[in-house]
Protein chains: 2
Amino acid sequence: MRTEIRIVIADDHQILLDGLSQALDSIPDLNVVGAILDGTQIAAAVATYTPDVLLVDVEMPGTSGISAISQIANLPPTLVVTMHTADEYGNAAREAGAVGFLSKSTPLPELAAAIRAVADGKNLLETDDVAALLDDYRAPTLSSAADSITEREREVLRCLVRGISRTEDLAEELFISQKTVKNHLASIYEKLGVNDRAQAVVEAMKLGLDRDWD
Amino acid sequence: MRTEIRIVIADDHQILLDGLSQALDSIPDLNVVGAILDGTQIAAAVATYTPDVLLVDVEMPGTSGISAISQIANLPPTLVVTMHTADEYGNAAREAGAVGFLSKSTPLPELAAAIRAVADGKNLLETDDVAALLDDYRAPTLSSAADSITEREREVLRCLVRGISRTEDLAEELFISQKTVKNHLASIYEKLGVNDRAQAVVEAMKLGLDRDWD
DNA sequence: TAGCTAATGGGTCGAAAGACCCATTCGGCT
DNA sequence: AGCCGAATGGGTCTTTCGACCCATTAGCTA
C-alpha cells in the first residue's frame, strides 16, 4: 500500500498555490513536495522532487501549462486545472500527456479523489463514468498503522485531542471502567508505535485520526 | 487585544475557496467563519456571520464583486482580490467601499498581514507606504495565554510535538536537568491552563506554538 | 463448530509524572 | 541599589501511568 502520494503543484497565483498546498497537505495521505509559480520550472521541479502526481494550471504566464508538460520526459501522472468551466483545453491536455482535466470549481474532496485515482494509474480522460471512478477514491488511504485502529480506540483518541487526558475522565466520558481505558490506550500505543498519551495525540493529529473524514 | 479575526471569503472558484479558507484558518489569529461561492449571497453572508473582515474576488459570475459590496449596508472592512496583476479595478474598489486591493499573486503571509491591518481599522488604499504598514502586522497576534510562553518553554513544546515526551529524553535533548524540564512543564501547564503533556500538545498545536511563524 | 477479534473487565508493580515547597544566577529595567 | 522575570537546579510526596499477566462476552466467519 502506498503511504503518501507526493505532489508537485504549478500555478502562477501565489494565493492559490499557498492555499491549495496547505489544504492538500492537511489530508493525511497527500503530501505536497513542491509548489512552483513559474511554468518554465515545471520540468526542473519534476526532476528534483520526483512527484507521484503533477498538478498544473493551464493559464500560466510565458509558457502555458499544456505546452510545458508536453515537453517533459518521464511525465508523472498529471492533472491539468483550469479557471474556466468549459473544457476547451481538454483535447490539448490529453495530447500533451495529461491524464485528467479539472476546473478550479471542483470541490476539494473531489480533487483529492482525482489525485488518488491518477496516482493509482487511472486515466480520467479515458474513463466513461468519472464520478463513479472517483467514488472509489473518496476516502484517504490510511497508513497501515492507522487503519488497524478500531472505532472504539478512535473514540479514545478523539477524547485525548479534545483535552480529556486523565484515565478517570476518559472512563467517565466513554462509560467504561478505567481499566478498559488503559487497555484501549495500550492497544493504541502498540499500533501507533508510541509510549504515552502525548505521543499518541501527536500521531493521531498527524494521521487525521481525530477527524471524521475530509 | 483581539482574540481572533472573523473572516468571510467570497470567490467563485471552489478550489481557491477551500484552499484559502484552510490556509487562513490554520493561522492562529485568523478564523474563517464563512466561505461563499456565489456573489449574490455576499450580503446575506455578511449579515449572518458578522465578519471582522470580508475578502471578495472581483471576478464573479453574475454580480461582480465590486458592485456586490457597493450595495451592502454596514460593510465590514473589505479586501478585494483579483486574478490580474494590474490594478485596473483599484478606483472602482475604493468607490465601492473597499479598504484594500490585492492580487492573487500576493504571498499568503502578506495577505494575512493585510487582513490584520484592515481588521485594525487601517485603509490600505489611503496609505502611502503599504509595505511598511503591513510590516507592522506580519506576526500573528497571539492570544494572551500564548504570548506569555517564553522561548525556552516553546522549545519544550516543540520537543513534545516532535514526539519527545519523556522527562529524561527532554532533559537530554535540551541539555538541562530533569528537574528543570519539570519546572518548565509546570510553568507551561499554568500558562495554558492544562494539567499534563497530552493536553499541552493539543494546545500548542492549536495555538501554533510549535511552528516558527507562518 | 472452531477460531478469531473487539470490547469489556480484573490485578499487581515499578516507574514516571505532577503538585507543592524551595534556592541560585543572570539579565534587564527602574 | 534594588526589583523582577527567565532559566537553572534541589527535595518530597502523592497520584497516575504504563507494562505485564490474565478472563469473559459477543460477534463474525471460515
Side-chain angles (χ1 to χ4, degrees), chain A residues 1 142-205 207 209-210 212, chain B residues 1 139 142-205 207 209-210 212-213:
Chain A
M1 175 200 292
L142 290 174
S143 75
S144 51
D147 64 22
S148 70
I149 295 282
T150 69
E151 190 47 44
R152 198 56 166 161
E153 286 160 0
R154 283 197 32 202
E155 286 184 57
V156 175
L157 286 174
R158 273 191 287 264
C159 286
L160 280 186
V161 172
R162 280 166 41 211
I164 302 171
S165 53
R166 284 179 60 242
T167 306
E168 191 182 337
D169 299 335
L170 288 165
E172 274 185 30
E173 183 73 18
L174 300 169
F175 304 108
I176 53 182
S177 81
Q178 298 192 22
K179 192 61 201 43
T180 305
V181 171
K182 287 190 175 187
N183 286 340
H184 287 319
L185 283 170
S187 170
I188 288 169
Y189 298 160
E190 194 188 352
K191 290 175 183 176
L192 296 184
V194 300
N195 314 297
D196 58 39
R197 290 147 149 87
Q199 290 177 38
V201 165
V202 176
E203 279 306 306
M205 294 183 94
L207 296 172
L209 289 171
D210 57 323
D212 272 311
Chain B
M1 175 200 290
L142 291 174
S143 74
S144 50
D147 64 24
S148 70
I149 295 282
T150 69
E151 191 47 44
R152 198 57 166 160
E153 286 160 359
R154 283 196 32 200
E155 284 183 58
V156 175
L157 286 173
R158 273 191 287 263
C159 286
L160 281 186
V161 172
R162 278 166 43 211
I164 302 170
S165 53
R166 285 178 59 244
T167 306
E168 191 182 337
D169 298 336
L170 288 165
E172 274 186 29
E173 183 73 20
L174 299 170
F175 303 108
I176 53 183
S177 82
Q178 297 193 22
K179 192 60 201 46
T180 305
V181 170
K182 289 190 176 187
N183 286 339
H184 287 318
L185 284 171
S187 169
I188 288 169
Y189 298 160
E190 195 189 353
K191 290 175 182 175
L192 296 184
V194 300
N195 312 296
D196 58 39
R197 290 145 149 88
Q199 292 176 38
V201 165
V202 177
E203 279 306 306
M205 294 182 93
L207 296 172
L209 290 171
D210 58 321
D212 272 310
W213 301 146

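This one's a predicted model, so the numbers in the text were calculated from it and none came from an experiment. Here is how names work: the chains are called A, B, and so on, in the same order as the sequence lines, proteins then strands, and each is numbered from 1.
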- Any chance you could lay out the side chain to side chain contact (heavy atoms under 4.5 Å, CB included) test for V161(A) and L209(A), step after step, and finish with the verdict? CA-CA 10 Å; V161(A) 172; L209(A) 289 171; over 6 Å; no

- Could you walk me through whether L160(B) and M205(B) pass side chain to side chain contact (heavy atoms under 4.5 Å, CB included), step by step? CA-CA 10 Å; L160(B) 281 186; M205(B) 294 182 93; over 6 Å; no

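Here the P atom of nucleotide dG5(D) and the CD1 atom of I149(B) are 16 Å apart, to the nearest Å. K179(B) places its NZ atom 10 Å from the C1' atom of dT12(D), with the value rounded to the nearest Å. Going from atom CZ of F175(B) over to atom P of dT8(D) covers 12 Å, rounded to whole Å. At whole-Å resolution of the value, CG in L157(B) and P in dA7(D) are 12 Å apart. If you measure from atom NZ of K182(A) to atom C1' of dC20(D), you get 12 Å, rounded to the nearest angstrom. With rounding to whole Å, E190(B) atom CD is found 13 Å from dG5(D) atom C1'. Atoms CG (N183(A)) and C1' (dA23(D)) sit 11 Å apart, rounded to a whole Å.
Judged purely by atom type and a 3.5 angstrom limit, E153(A) uses its side chain to pair as donor or acceptor with the backbone of T150(A).
For the atom pair OG (S177(A)) and NZ (K182(A)), the distance works out to 10.0 Å, reported to the nearest 0.5 Å. Within the model, atoms CG of L192(A) and CD1 of I149(A) stand 4.5 Å from one another, a figure rounded to the nearest 0.5 Å. Distance CG/D210(B) to CD/E203(B): 12.0 Å, rounded to 0.5 Å. Here the CG-CD1 distance, from L170(B) to I176(B), works out to 8.0 Å after rounding to the nearest 0.5 Å. Between the CG atom in N195(B) and the OH atom in Y189(B) there is a gap of 9.0 Å [rounded to 0.5 Å].
Using a 4.0 Å heavy-atom criterion, one finds that T180(A) contacts the bases of the nucleic acid, with or without backbone contacts as well. D196(B) comes within 4.0 angstrom of sugar-phosphate atoms only, judged by non-hydrogen atoms across all strands, and of no base. At the heavy-atom level, N195(A) lies under 4.0 Å from the strands shown only through sugar-phosphate atoms.
Two residues, V181(A) and K191(A), neighbour DNA chain C, and the one matched to the more 5' nucleotide by heavy-atom proximity is K191(A).
A salt bridge links E151(A) to R158(A): at least one charged side-chain nitrogen sits closer than 4.0 Å to a carboxylate oxygen.
Protein chain B contacts DNA chain C over a range whose 5' and 3' limits, counting nucleotides with an atom under 4.0 angstrom from a non-hydrogen atom, are dA16(C) to dA19(C).
Non-hydrogen atoms lying under 4.0 Å from DNA chain D are contributed by S165(A), R166(A), T167(A), all within residues 164-172 of chain A.
Dense packing is recorded around CD of Q178(A), with more than 12 heavy atoms of other residues, nucleotides or ligands lying under 6.0 Å away.
For the OP1/OP2 pair of dA7(D) and a distance below 4.0 Å, the side-chain nitrogens and oxygens of T150(B) include at least one atom meeting the criterion.
Looking only at atom types and distance, the side chain of S165(A) has a donor-acceptor partner in the side chain of Q199(B) under 3.5 Å away. Donor-acceptor pairing under 3.5 Å is recorded for the side chains of T167(A) and R197(A).
Over its length, the helix from dT1(C)-dA30(D) to dT30(C)-dA1(D) turns its helix axis by 40°, as judged from the five terminal pairs at each end, rounded to 10°.
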